[in-house]
Amino acid sequence: MTEAYLTPAGEGSSEYVEKKSRFLGRVFAVSSEDEARALLEAVKREHYDARHNCWCYILRGGAKRYSDDGEPQGTAMLNVFEREGIENVLCVVTRYFGGILLGTGGLVRAYTAAAKDALLDAGVNEMRQWASLRVTCPYSLYDRVRLEAEKLGAVFESTDYGADITLALLLPEEAAEPFAQTLRELSAGRLVPEKVGSVFRGVLRK
């Protein structure tokens, strides 16, 4: 089973202003160093007139690079993503100098804020193996079935209302059997989830 990990859900951007300096954050989901470097060069071309383009990337498998691009050492944003456990990510923060020196502490705060806000804008996907399940239950048990699934981190894909209710949902692979056991106990053995497949995909973290 492929190990679960966190990665940006898409591209994110932010703008942070401190004493007339503008810090423009960009976050991308990437899968290789070549992709990260190509996106980095594209951002640099876009902001060719900026004073600094600080950047970092972290890839699954261990590749980890960063550059403070002439700013005091430590103002790169690497630790933002390390703390959050985000992988397969590129972050670039572009600074347009406003004429007022911020000092190392001010720069750290500004670059960190721009990176965090760009990640927030992008959102975070939890990439993991999911069991795809279908459950048919009577209306009287629907709320309880849904509650038990939510406790185990379910993602609900569809709900069909007929003579009974049929739920299509994703559960973390390791939660499928505990969920089945709970439903058996809940229904005196009448409810048996049908596993229709297994998929490795990202689901947006709330």
Side-chain angles (χ1 to χ4, degrees), residues 2-130 153 155 170 172 200-206:
T2 305
E3 186 179 351
Y5 66 95
L6 303 178
T7 193
E11 182 178 335
S13 61
S14 67
E15 180 172 355
Y16 181 88
V17 179
E18 179 71 20
K19 296 181 179 178
K20 299 183 179 179
S21 280
R22 294 172 64 222
F23 297 83
L24 307 179
R26 298 281 292 277
V27 161
F28 305 89
V30 295
S31 57
S32 68
E33 290 199 72
D34 286 344
E35 184 182 6
R37 292 189 176 279
L39 285 167
L40 172 60
E41 291 307 314
V43 173
K44 286 182 175 180
R45 286 194 299 272
E46 181 181 349
H47 298 289
Y48 66 91
D49 55 340
R51 177 69 68 92
H52 303 282
N53 284 290
C54 294
W55 56 268
C56 67
Y57 61 78
I58 301 173
L59 297 177
R60 283 183 64 72
K64 188 181 299 184
R65 307 280 186 273
Y66 73 93
S67 170
D68 293 308
D69 195 29
E71 293 281 47
Q73 187 174 6
T75 53
M77 306 73 54
L78 191 67
N79 61 347
V80 169
F81 302 95
E82 289 178 327
R83 282 199 304 269
E84 296 293 331
I86 309 296
E87 299 179 287
N88 282 4
V89 57
L90 164 70
C91 179
V92 187
V93 177
T94 300
R95 180 190 182 190
Y96 284 92
F97 184 53
I100 301 172
L101 297 176
L102 301 183
T104 300
L107 288 171
V108 169
R109 286 191 297 273
Y111 278 104
T112 298
K116 282 183 175 179
D117 289 349
L119 179 61
L120 184 64
D121 186 55
V124 174
N125 266 351
E126 181 179 7
M127 305 292 298
R128 64 176 304 140
Q129 198 75 30
W130 299 86
V155 176
L170 299 176
F200 188 87
R201 57 169 275 195
V203 171
L204 189 65
R205 260 195 164 188
K206 297 179 181 178

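For reference, positions follow the sequence shown, starting with 1. No hydrogens, no waters, no symmetry mates; every other heavy atom, side chains included, goes into these values. Source: prediction; values computed, not measured.
How far CZ of Arg109 is from CZ of Phe23: 10.5 Å, rounded to the nearest 0.5 Å. Considering OH of Tyr96 and CG of Leu24, their distance stands at 6.5 Å, rounded to 0.5 Å. Note that the CZ atom of Phe200 and the CD atom of Glu3 stand 9.5 Å from one another [nearest 0.5 Å]. Here the straight-line distance linking atom SG of Cys91 with atom CD1 of Ile86 works out to 11.5 Å at 0.5 Å rounding. Taking CE of Met77 as the start and CG of Asp68 as the end, the distance is 8.5 Å to the nearest 0.5 Å. In this structure, Leu120 CG and Ser14 OG are separated by 9.5 Å, a value rounded to the nearest 0.5 Å.
Contact of the Trp55 side chain with the Arg26 side chain is not registered, since no non-hydrogen atoms from C-beta on lie closer than 4.5 Å. For the pair Tyr66/Ile58, no side-chain contact is recorded, criterion being any heavy-atom separation below 4.5 Å from C-beta on. In this structure, the side chains of Phe81 and Leu6 stay at 4.5 Å or more apart for every pair of heavy atoms. Counting heavy atoms from C-beta outward, Cys54 and Arg95 have side chains that stay 4.5 Å or more apart.
In terms of modelled atom types and a separation under 3.5 Å, the side chain of Asp121 and the main chain of Ser13 share a donor-acceptor contact. Looking at Asn125, its side chain never comes within 3.5 Å of a backbone N or O of Thr7 through a donor-acceptor pair. Between the His52 side chain and the Asp69 main chain, a donor and an acceptor come within less than 3.5 Å of each other.
Residues Arg65 and Leu78 come closest through the heavy atom pair O-CD1, 4.4 Å. Taking all atoms of both residues into account, the shortest heavy-atom contact from Ala122 to Gly10 is CB-O, 3.4 Å. Nearest heavy atom pair, residue Arg128 against residue Trp130, reads O-CD1, 3.0 Å. Smallest separation of non-hydrogen atoms from Thr112 and Val108: OG1-O, 2.7 Å. Nearest heavy-atom pair across Leu59 and Ser32 is CD1-C, 3.6 Å. Closest of all the heavy-atom pairs between Val27 and Pro8 is CG1-CG, 3.8 Å.
For the 3.5 Å distance criterion, the side chains of Thr94 and Asn53 qualify, holding a donor opposite an acceptor.
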Does Glu84 form a side chain to side chain contact (heavy atoms under 4.5 Å, CB included) with Val124? I'd like the steps, not just the answer. CA-CA 10 Å; Glu84 296 293 331; Val124 174; over 6 Å; no
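Considering Glu33, Glu35, Glu87, Lys64 in turn, Glu33 is the only one that fulfils the side chain to side chain donor-acceptor pair (under 3.5 Å) rule with Tyr57.
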